[in-house]
Amino acid sequence: MRSPSAVPWIALAAVQFASLAASQISDAPSVENFVRRFSGAVVVVGNYAYLDGGEVIQMEGGAIATARTVNSTLSLDLTKSWALKDAVFKSTPKDVSPSKGNAGAWANREGTAFYVWGGKSPYAINVTTPALYKFTVDGNGGGTWAIERPQNPNLFAGLLPTEAMALTTVNNTMYGMGGVASRWTTPSLGVDQVVPGMVKFNMDAREWTNITGTESPISTLVAGRAQYLPSFGPQGLIMVLGGHAPRADVPPTIGNSRLNDFVTLTFFDPVTLKTYTQTATGDLPIFPRAGFCTAGFQNKQGGHEIFVFGGENSLTKVRYQDAYVLSLPGFVWTKLPTPPFGGRAYFPCAAVGKRQVLTVGGLEFTTPGKDEAPMGLLVYDMTAMTWKDSYDATLGDYERPDAISAFYKNGSLDRVPWSSKEVQSLFVTGTGGGAGSGNGTSNPLPTENPTPDSASASAIAGGVVGTILALAVLSAVSWFILRRRRQKNKGIEFLPPEQPAIAEMAVPGNLYPNSQAKSGPTSVVVEADTFAYVEADGESRYAELPVVRMDRRSHETELDGGSAVKGEK
Ligand SMILES: *[C@@H]1O[C@H](CO)[C@@H](O)[C@H](O)[C@H]1NC(C)=O
Ligand SMILES: *[C@@H]1O[C@H](CO)[C@@H](O)[C@H](O)[C@H]1NC(C)=O
Ligand SMILES: *[C@@H]1O[C@H](CO)[C@@H](O)[C@H](O)[C@H]1NC(C)=O
Ligand SMILES: *[C@@H]1O[C@H](CO)[C@@H](O)[C@H](O)[C@H]1NC(C)=O
Ligand SMILES: *[C@@H]1O[C@H](CO)[C@@H](O)[C@H](O)[C@H]1NC(C)=O
Ligand SMILES: *[C@@H]1O[C@H](CO)[C@@H](O)[C@H](O)[C@H]1NC(C)=O
């Protein structure tokens, strides 16, 4: 049930008035008082999932209050099963480490600590001098915060901490890609700045490396995600997904960004940094998509599945209520059952137990009121393919579900349109070989020539996106109206021809705070399109799906054609 509150909570203010009910204000409000949580991080260390940073909205004095920064590190015990509504948070003060939103957070290999770097201070209040913070766990859900001093302080001093960086870890090294810096992330930074390239942090040596220019596997990346795939390639591979790639030479906007799709996937070798691409097939996620979350699972066949949930359309700010799995080595997307309670973005998820995903907060802002997910938590069972209202500590190992195994069992792995023999050999020979066949045999290399890279757009979708996708896409966004379709066969370097007027949007989670007027308009009309691959008239192409106009004052979304609907689907 949604709260009938009339509080204009969309205009979040970081500075609070003293509340009459001050005693009950909490970083982990009760299930009754909880309203929303967003922009935090989740890291699993040992037997606990730690929630760090972000903001929380709760009932205060009987009304929905504005957002407060979360001043504690919270933990959930993964050795016990619990209903989400009964989740018990253990709280440790963030005495040394300031609370940030959209920060980078990762665990060490030993399972003794996690680190937090970067992130934004809402409304640029108390932006701190950049530091790496380390939380050393005590084994009981608590721990101690300290600043982790770099081995190479001169290089560290020149690094710009960012928000919305994509990161993963390989052994004891963190690889952090892209992100954006602003006066919310860095003291007295004049202009918003997209941070190009990749940083590495070796946790054993406490050593930072900045990899830029042609050395770096990515140029720029905002609000994408990265996943380490240990079972492929000579030393594993790092997959980079989604987000957008602004030009680095001007203050970043969506308008000057390349919008990354989920068809041509990019990955690189963590040691040589050699970068590859490969087209994916199946139920391709709609893009643009930024601020989604991912979690990775290795299966018993030597393959790997990546869970992808939500995110927002960077143009319309509409948050996606959908989830997918990318199965490797088949490079095939499978759409999952629709997640409950609305679209989510700028929120974390993490693999918990042996085969579940825990997600925290991120409900869309166009739907006012309480997040109906208990305390903002959702759990997804990767094997049963179901969304659940509890975490189950007893569930066994991850097994690739039948809906995904079907692809491998009927020999589809032999028909993957590999971009090159080299890419094919990274995925279907060596230790990862046979990952897909379902009976453990390895798959010989087919003799025909691999599909050349340059054929991407038509090859991509030639045998790839069928009418099933088109139908799925259209039904998922059935509240949209298809305004027009136009050929947009521009391959992966796709830029939308029309630049929507989004710069002035004053919405929480806006990654470019300098480009928004602080006392800006409360009502902004956004007109923008969402893109997907569809197959029609025997050819595949980008199609513009919807035109959406959003009125931020009334929370109403107006469809092209004049019919106004509530901003909830
Ligand atoms: C966290 O501390 C800040 C600064 O004192 C305060 O404004 C905010 O309300 C606190 N958050 C909560 C949830 O109490
Ligand atoms: C900002 O820092 C000051 C001084 O440390 C502190 O008193 C205040 O509570 C902080 N404000 C917020 C919103 O964190
Ligand atoms: C790495 O170096 C490049 C080039 O000097 C710079 O633009 C970028 O900001 C640096 N990375 C970080 C995270 O500061
Ligand atoms: C990770 O560590 C293992 C064991 O120490 C080592 O064999 C492997 O080469 C390392 N991988 C990378 C990418 O450094
Ligand atoms: C194999 O199975 C996948 C997944 O069920 C399906 O999409 C594909 O069409 C099948 N291919 C053949 C040749 O049967
Ligand atoms: C394994 O699968 C391959 C290809 O589907 C098939 O040719 C082979 O006979 C199977 N082997 C066993 C032991 O089932």
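Computation of the quantities below employed the complete heavy-atom set of this structure, encompassing side-chain atoms and omitting hydrogens, waters and symmetry-equivalent molecules. In this chain, numbering begins with 1 at the start of the sequence shown. Both counts, for ligands and for their atoms, begin at 1 and track the order of listing.
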Side chains of [X] and [Y]: do they bring a donor and an acceptor to under 3.5 Å?
| X | Y | result |
| --- | --- | --- |
| Q301 | Y408 | no |
| S99 | T69 | no |
| Q227 | T168 | no |

Going by the order shown, which atoms of ligand 1 are within less than 4.0 Å of some heavy atom of [X]?
| X | answer |
| --- | --- |
| D27 | 12 (C), 13 (C) |
| N71 | 1 (C), 2 (O), 3 (C), 8 (C), 10 (C), 11 (N), 12 (C), 14 (O) |
| I25 | 14 (O) |

Run the numbers for me: atoms of ligand 5, each under 4.0 Å from some heavy atom of A406, listed by number.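 By the 4.0 Å cutoff, the relevant atoms are 2 (O), 5 (O).
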Under 6.0 Å from the NZ atom of K90, do we count more than 12 heavy atoms belonging to anything else shown?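 Check passes, neighbour count above 12.
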Can you see which heavy atom on M385 is nearest to which on A403, and at what distance?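 The pair with the smallest heavy-atom distance is SD-CB, 3.8 Å.
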Please state whether the rings of [X] and [Y] are parallel, tilted or perpendicular, taking 30° and 60° as the class boundaries.
| X | Y | result |
| --- | --- | --- |
| F427 | F267 | perpendicular |
| W145 | F114 | perpendicular |
| F307 | F309 | perpendicular |

Partner residues of D52 under the side chain to side chain donor-acceptor pair (under 3.5 Å) criterion, sequence neighbours left out: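 With sequence neighbours excluded, D52 shows a side chain to side chain donor-acceptor pair (under 3.5 Å) to T73, K94, given in chain and number order.
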So, 4.0 Å and heavy atoms of V70: is ligand 1 close enough to count as a contact?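 Contact absent.
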Please tabulate, line by line, the atom pairs linking an N/O of ligand 4 to a protein N/O at a distance below 3.5 Å, with the distance in Å to 0.1, or answer 'none'.
| unit_1 | atom_1 | unit_2 | atom_2 | d |
| --- | --- | --- | --- | --- |
| ligand 4 | 2 (O) | N171 | OD1 | 3.1 |
| ligand 4 | 2 (O) | N171 | ND2 | 2.3 |
| ligand 4 | 11 (N) | N171 | ND2 | 2.8 |
| ligand 4 | 14 (O) | N171 | ND2 | 3.4 |

Without swapping roles, check the side chain of E207 against the backbone of N202 for a donor-acceptor pair under 3.5 Å.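 Pair absent, no side-chain N/O of E207 close to backbone of N202.
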Report yes if some N/O of S26 lies less than 3.5 Å from some N/O of ligand 1; otherwise report no.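 Between S26 and ligand 1 (N or O atoms, distance only) the closest approach is not under 3.5 Å.
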Ligand 1 and T69, any nitrogen or oxygen pair closer than 3.5 angstrom?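 Yes.
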Mind checking whether K409 contacts ligand 5 via backbone (N, CA, C, O), side chain (CB onward), both or neither, at a 4.0 Å heavy-atom cut-off?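 Answer for K409: neither.
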